[in-house]
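Numbering of ligands and ligand atoms starts at 1, following listing order. The model shown is predicted, which means the values in this text are computed figures rather than measured ones.
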Amino acid sequence: MIGKGSALLNLGILVSGRGSNMDAIVANCANGSLSAQVAVVISDNPDALALTKAREAGIPAFCLKNPRDEGEVIALLDKHGVELVCLAGYMRLIKQDLLQAYPMRIINIHPSLLPAFPGLNVQARAIEAGVKFSGATVHFVDAGMDTGPIICQAVVPVLDEDTCDSLSARILEQEHVIYSQAIEKIAQKRLRVVGRRVISL
Ligand code: GRF
């Protein structure tokens with residue numbers, strides 16, 4: 001069972017870019033639809049818009065001095081009492097140190113219906129491949145790239161006239177919904193992981 005059962009689940013959000021998923025999580029914490037609070041935001045990119053937005057929202061936000069060193073990330077997460085790590089557009093593979101420090105306590109949002117289209121440029125690859133549906137996936141993070149057990153997914157159509165931008169926007173809208181839904185299930189301890197399957201209780 002996942003989730004420690006305190007009143008609010010303490011989140012640590014790792015970002016590299018604009019942070020729209022972070023924004024949605026922060027908003028849902030603020031409006032009470034998430035039983036969670038954002039304790040810290042960490043970026044590997046000093047220019048990430050997400051860092052500015054987190055600071056404006058009064059959230060402790062840090063840029064890593066040495067992005068390859070997971071020890072620095074772990075120390076910041078521990079210091080802020082983080083119970084669940086949410087990757088939100090974080091452009092680095094998570095390595096063993098962090099995985100071991102937060103076993104089954106790191107989740108990610110990905111803009112495709114995994115296991116289809118892991119990795120980068122996935123909306124363009126979905127259009128090129130001619131799929132009629134794509135979507136978004138929230139999954140636990142393991143040592144692979146976008147390979148961990150799937151918590152929830154949202155499906156969106158791929159339209160004949162879609163460009164990478166239009167498909168990305170349609171998927172992103174769903175990302176903002178399902179990421180918070182997945183976090184809330186963890187906060188409410190309503191998930192159990194059995195092998196690769198994540199069962200809703
Ligand atoms: C999202 O599409 C997410 O699925 C992917 O990176 C993008 C981050 O966007 N992992 P944002 O920074 O949350 O706006």
Side-chain angles (χ1 to χ4, degrees), residues 11-30 33-34 36 38 40-57 59 61-64 67 73 84-95 98-99 102 106-129 131 133-158 162-184 186 198:
L11 308 178
I13 303 186
L14 269 56
V15 293
S16 298
R18 70 190 160 184
S20 71
N21 277 286
M22 178 199 76
D23 289 340
I25 293 167
V26 169
N28 287 331
C29 289
S33 61
L34 256 181
V38 181
V40 65
V41 169
I42 302 172
S43 178
D44 61 334
N45 171 15
D47 301 324
L49 180 59
L51 272 180
T52 312
K53 292 194 289 188
R55 287 178 184 136
E56 281 170 6
I59 299 165
F62 301 89
C63 181
L64 300 174
V73 184
L84 181 70
V85 180
C86 302
L87 310 185
Y90 186 63
M91 300 303 286
R92 285 177 187 273
L93 264 186
I94 301 301
K95 295 180 285 193
L98 189 48
L99 288 170
Y102 285 82
I106 308 174
I107 62 176
N108 181 44
I109 181 96
H110 182 78
S112 77
L113 292 176
L114 292 171
F117 308 113
L120 297 175
N121 304 319
V122 300
Q123 298 94 336
R125 284 162 50 208
I127 291 173
E128 267 167 42
V131 296
F133 293 92
S134 188
T137 302
V138 183
H139 63 94
F140 286 105
V141 172
D142 63 14
M145 186 183 288
D146 306 319
T147 51
I150 291 169
I151 301 169
C152 58
Q153 296 184 301
V155 179
V156 307
V158 180
D162 262 334
T163 62
C164 182
D165 283 350
S166 64
L167 179 59
S168 299
R170 192 175 308 117
I171 292 172
L172 193 64
E173 210 175 298
Q174 295 305 312
E175 293 183 36
H176 296 164
V177 175
I178 66 167
Y179 211 175
S180 289
Q181 288 174 347
I183 293 167
E184 186 61 13
I186 292 171
V198 181

> Can you tell me how far CD1 of I171 sits from OG of S112, rounded to the nearest 0.5 angstrom?
Replying inline: 7.5 Å
> Under a strict 4.0 Å criterion on non-hydrogen atoms, which protein residues are in contact with ligand 1?
Replying inline: R18, G19, S20, N21, G89, I109, H110, P111, E175
>> So, taking the atom named CG in L14 and the one named CD1 in I106, what distance separates them when rounded to the nearest 0.5 Å?
In response: 8.5 Å
> Among all residues two or more places apart in sequence or in another chain, which pass the ring pair (Phe, Tyr, Trp, His ring centres under 6.0 Å) test with Y102?
Replying inline: none
> Is any NZ, NE, NH1 or NH2 atom of the basic residue among D23 and R18 found under 4.0 Å from an Asp or Glu carboxylate oxygen of the other?
Replying inline: no
> Mind checking what makes salt bridge (charged side-chain N to carboxylate O under 4.0 Å, His left out) contact with R92, not counting sequence neighbours?
Replying inline: D44
>> Under the rule for salt bridge (charged side-chain N to carboxylate O under 4.0 Å, His left out), what residues qualify as partners of R125, not counting sequence neighbours?
In response: none
